[in-house]
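Structure first, then comments.
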There are 2 protein chains.
Amino acid sequence: MASSRYGDPGVPIGTSFRTRQEVYDAGVHLHTQAGIAGTQPAAQSIVISGGYSDDLDLGDEIFYTGYGGRDPNSGRQIADQELKSWNWALVQNRDLNIPVRVVRGANPGNPYAPASGYRYDGLYDVIGFSPAEGRDGFRIFHYHLIRSPSQIAPAWDEVPTPIRSPGRTSRLVSTIDRDPALAEAVKELHGYRCQISGTRIDTPSGPYAEAAHVKPLGHPHDGPDALNNLLCLCPNDHIRLDRGVLVITEELEVASVASNEVLGSLITDEDHWIDPALLGYHRFIWTDLLRR
Amino acid sequence: MASSRYGDPGVPIGTSFRTRQEVYDAGVHLHTQAGIAGTQPAAQSIVISGGYSDDLDLGDEIFYTGYGGRDPNSGRQIADQELKSWNWALVQNRDLNIPVRVVRGANPGNPYAPASGYRYDGLYDVIGFSPAEGRDGFRIFHYHLIRSPSQIAPAWDEVPTPIRSPGRTSRLVSTIDRDPALAEAVKELHGYRCQISGTRIDTPSGPYAEAAHVKPLGHPHDGPDALNNLLCLCPNDHIRLDRGVLVITEELEVASVASNEVLGSLITDEDHWIDPALLGYHRFIWTDLLRR
């Protein structure tokens, strides 16, 4: 019997299915073909089947590719993905804190996939979203999911490590290795002043600023952890850079993505060279995101 | 032989000592009495001995109390702690990303402490700092430490769970349980507009704002996760609230902690009542922090 509700589908984690139709009939994923199901206000469920070469499955953590732009015959990207429908919905899972059901399909290349058919693997939180340049050179969307802490141990987990104290939930998260000395260096170089707004936040324990990577670290961007990829920003402009509100032009001007207007000049320092290719990558992934 | 360097002291994690003098002689903690050692530019090491009733030791995670204001005879707080010397230094461990060596002393009430003497337990990252109202009603400082991901398994950990991918480090972190629907509600109520600056950050995937707790959640504050303890803020003003740059007066004005000046009025909504007692707690912990 089909169900449209979010969250727990009413079948236990680890339940196996032979076909997509069985997954549908159990109310776990309410679409028999698409990888993402549900759009209002957010996605309900996804199926990981290995169809997108840019996916990365780490078990408790998944980098999931949005839909669209793929040639059905070759399986390659032949166009940019668009931020609409299911792709938009999965961003709302992040922004509205709505977990998504995850179903894995058999895939010999994925150690976390079932040997055959499909398996319901529980709820995941969408903690990140970013456009990226896919392997075929087109823009794709990447969603960063981690297993919700409320879920029972998954099939691949030999030993759960519960460290709990009242009102707190523990979970294993992975962070990208970065050099704290570089973050410190870019802040020192700019006196903790934001290179976009000029803001400096002076707190009782000293000035506060953030080191922002222009080309993001880690999958799928693999931007370098280097001074030529770092900006010293205030938290507001860090969010604006990371979420595609602003881009930096070749002339080191700050421009609005929505209006294309130049808003001002990046504050620079002669001892701090920023790689134009990395700024170009950031413009590529964010510019014209909402064209239909 | 005494060593003054930061980081790995040159003795293995788990090394036992009978006395503070032995800990000193091994170069692990270069003070024979104080709980914190090292000040420039940050603290080198701490000893957890159970002397402060506001400490909370969870093994991989520690809430550590700053020094000072304690009556040596009764062990009770009789004055506010001050943000100077070692207390200041431990904040710099957070801001400069310098890990601190942790030594545990015997303490029958602490399951993570050795049965006798002292034990070196490896490096911890200082990830949080906050003043708080201690059990005796005076202001104390709390530091939130978690075990550095680079460290080998500690004495109390039966089963390490390494989930690694290249360039990423996994660690178990605990987060305070909070209701995402409340965070969503306070943002909706204010149209994602910052109640301090009026800023609204519009991103390609929708507006961005943060839900900020006035009295912090969790140890040692235990502020409520409730609408009357939440503000809708932009990231810059969230940092300013959380780090004591700004306080909210009884008249719901925004005031600078450094200058005592009123900077403007909090943007309010008649459907959103904020508890004056919680604003008062926030003022108590942050006002006059730097008085000497």
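To find a chain, count down the sequence lines: A is the first, B the second, and so on, and within it residues start at 1.
For the ring-ring contact (aromatic ring centres under 6.0 Å, His included) test, no residue two or more places apart in sequence or in another chain qualifies with A:Y124. Every salt bridge (charged side-chain N to carboxylate O under 4.0 Å, His left out) that A:D121 has, sequence neighbours left out, goes to A:R104, A:R119. Taking A:D202 as the reference, A:R200 meet the salt bridge (charged side-chain N to carboxylate O under 4.0 Å, His left out) condition, with sequence neighbours excluded.
Heavy atoms closer than 4.5 Å to chain B are found in both the backbone and the side chain of A:L96. A:V91 touches chain B through its side chain: at least one heavy atom from C-beta onward sits under 4.5 Å away, while N, CA, C and O do not.
Distance alone, capped at 3.5 Å, places no donor-acceptor pair between the B:Q92 side chain and the A:G206 backbone.
Applying a 4.5 Å heavy-atom cutoff, the residues of residues 241-248 of chain A that approach chain B are A:R243, A:G244, A:V245.
When A:N97, A:N236, A:D95, A:D222 are compared by the number of non-hydrogen pairs under 4.5 Å with chain B, A:N236 comes out ahead.
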